[in-house]
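Comments concern the structure below.
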Amino acid sequence: MNKRTFLKTSSSALMAYQPMVEILHRLNKDHNKFSDVELSENEDYWAEIRKGYKLKPDYINLENGYYCFAPESTLSHFIDHVREVNYQGSYYMRTVQWENKDKAAHRLADLMGCSHDELIITRNTTESLDTIINGYVWKPGDEAVMAEQDYGSIVGQFKLMADRYGIVNKIISIPNHPRSDDELVDLYASAINEKTRLLMICHMVNITGQILPVRKICDMAHSKGVDVMVDGAHAIAHVNFDVTDLHCDYYGASLHKWLSTPLGAGLLYVKKDKIKYLWPTFASWNNNPEDIKKLNHTGTHPVHTDLAINDAVDYYIAMGRDKKESRLRYLQRYWTDQVRELNGIVINTPKDMFRSCGIANVGIANMKPAEMADTLLKRYGIWTVAIDGQGVQGCRITPNVYTSTKELDHFVQAVKEMSISKR
Ligand SMILES: Cc1ncc(COP(=O)(O)O)c(C=O)c1O
């Protein structure tokens, strides 16, 4: 089979699962008189989306923050890709592997609103951001700024640089309920001095779901000559944005979270004029210092995952980016609004609409987060994750597009009962 025939075969395999994307198009056409916000409250519409998922009956899954497993259509495409690559063997690897990876990367760049030569596919956020941290030429005494609420494995990479090169890490703590953007901008600004070279911020804090004013923090940092690296693990395919609007220098994300690709897919964006300063972690075939691909030497890897990125993007676009964001925000507000003001219940996520989307965190007075998560699972059949540290005590609640308000009613009832039992 030649290259052309293979590509044709792949696309005819794609056709076999076209119906889900077609169903989404039809669904949206049938509902086009409604705005995205109106549709976010339409349970009949979202019940159709739910049908596209295979859900375990054992529990209600409110822990999609770790990994948003794929809808059946994306999964079927992925399995087809695994079969096809296995069928082709090294022929695939020696012919269209790289061309196909580029195509998937270009689709992600289009989704992110950056140029094709500013984005590569990685395995996850950790690999993306650690590639940047490791790519700097650090001198003893150089400083980096980050928050206590940032993700541990990335903070760990900065610690490694401290041990290895003698850099100094300045760690601030983000309030769960900021009064204004300025408060957050000033907080980061207060940690910067003439030795600061890199500042890391989360687009969306993973333990609380708080969305940070990324652009304002980037503009402040740039005015002081500091680069900004954004941890976008939870933002891509959750909120709708263009990376260039954020004004950041680097952006890393995991695609197996809200884009719902199979496990082990991520992206790294590097602003064009920053690429030449970074050292690759692994020596590349590509020695052009200005080419982002120098950072992308992964060796032999699961190429079928690259192919499935296209399917996940198709699904997301067919659903509608704003539609998805509106639904996730609606679901969060649906349950937080019912418990936020109750005695003995603490919401660790800001109330302002634009400071959060689908993720929120709730604690119960006199109840440790681990006990709360355990009770939710054993007594109420609800799967969540306990967060106990970094200024946050509670369970992180992450619904997905398949979550129904009926499931959230059950969760709200559980939280109320647990809180009453602890008074
Ligand atoms: C904010 C944040 N950054 C980074 C990561 C790491 O993601 P991955 O394990 O996909 O690299 C996570 C994972 O949950 C996260 O929440």
Side-chain angles (χ1 to χ4, degrees), residues 61-70 108 120-134 144-160 171-174 176 198-212 214 217 228-239 241 243 246 248 250-269 281 295-296 298 301-302 305-306 308-309 312 328 348-349 355-361 373 383-392 394-400:
N61 188 347
L62 294 181
E63 214 304 74
N64 292 281
Y66 192 139
Y67 159 47
C68 291
F69 60 88
L108 289 171
I120 51 174
I121 293 174
T122 62
R123 285 173 297 181
N124 47 52
T125 311
T126 306
E127 179 180 316
S128 300
L129 300 185
D130 288 1
T131 297
I132 300 302
I133 301 166
N134 208 44
V145 174
M146 63 214 71
E148 193 194 357
Q149 290 76 15
D150 285 335
Y151 194 73
S153 67
I154 324 292
V155 173
Q157 184 70 15
F158 278 109
K159 286 188 180 146
L160 195 63
I171 304 193
I172 56 129
S173 188
I174 303 169
N176 292 337
L198 181 60
L199 184 147
M200 167 164 77
I201 44 170
C202 271
H203 194 166
M204 200 181 277
V205 177
N206 91 89
I207 50 181
T208 61
Q210 180 175 169
I211 297 175
L212 296 181
V214 174
I217 297 170
V228 184
M229 177 176 88
V230 179
D231 180 340
H234 284 281
I236 182 169
H238 183 162
V239 286
F241 66 97
V243 73
L246 300 179
C248 61
Y250 316 105
Y251 193 101
S254 298
L255 306 176
H256 44 244
K257 291 190 186 287
W258 298 91
L259 191 62
S260 295
T261 67
L263 283 166
L267 64 78
L268 171 63
Y269 158 84
T281 294
L295 304 173
N296 208 196
T298 46
H301 66 282
T305 304
D306 301 338
I309 289 171
L328 291 175
N348 296 306
T349 304
R355 288 195 200 281
S356 65
C357 192
I359 305 176
N361 183 299
W383 173 237
T384 63
V385 60
I387 309 288
D388 197 355
Q390 301 150 282
V392 182
C395 285
R396 181 182 68 176
I397 308 303
T398 48
N400 198 354

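One-based numbering, in listed order, for ligands and for the atoms of each.
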Which is it for D231 and ligand 1 at heavy atoms under 4.0 Å: side chain, backbone, both or neither? side chain

Residue-ligand contact H256/ligand 1, heavy atom below 4.0 Å: yes

Among all protein heavy atoms, pick the one closest to atom 15 (C) of ligand 1 and tell me residue, atom and distance. Y151 CD1, 3.3 Å

Residue N124 vicinity, atoms of ligand 1 by number, heavy atom under 4.0 Å: 8 (P), 10 (O), 11 (O)

Taking only residues two or more places apart in sequence or in another chain, which ones pass salt bridge (Lys or Arg N to Asp or Glu O under 4.0 Å) with R355? D181, D352

For G252, does its backbone N or O pair with a side-chain atom of S128 as donor and acceptor, under 3.5 Å? no

So for ligand 1, is H234 a polar contact partner (N or O within less than 3.5 Å, distance only)? yes

Got a donor-acceptor contact below 3.5 angstrom from the T349 side chain to the Q210 backbone? no

Atoms of ligand 1, numbered as shown, that sit under 4.0 Å from any heavy atom of N206: 1 (C), 16 (O)

Minimum side-chain heavy-atom gap I207-Q390 below 4.5 Å: yes

Nearest protein heavy atom to atom 9 (O) of ligand 1, by residue and atom, and its distance? T126 OG1, 3.8 Å

Which of parallel (below 30°), tilted (30 to 60°) and perpendicular (above 60°) describes F241 and Y251? tilted

Around atom 7 (O) of ligand 1, find the nearest protein heavy atom and jot down its residue, atom name and distance. S254 OG, 3.5 Å

Check whether any side-chain heavy atom of D130 sits under 4.5 Å from a side-chain heavy atom of I154, and report yes or no. yes

Of the options L328, I236, V239, which is the one that meets W258 in a side-chain contact (heavy atoms from CB on, under 4.5 Å)? L328

Tell me whether K257 reaches ligand 1 (any heavy atom closer than 4.0 angstrom to a ligand atom). yes

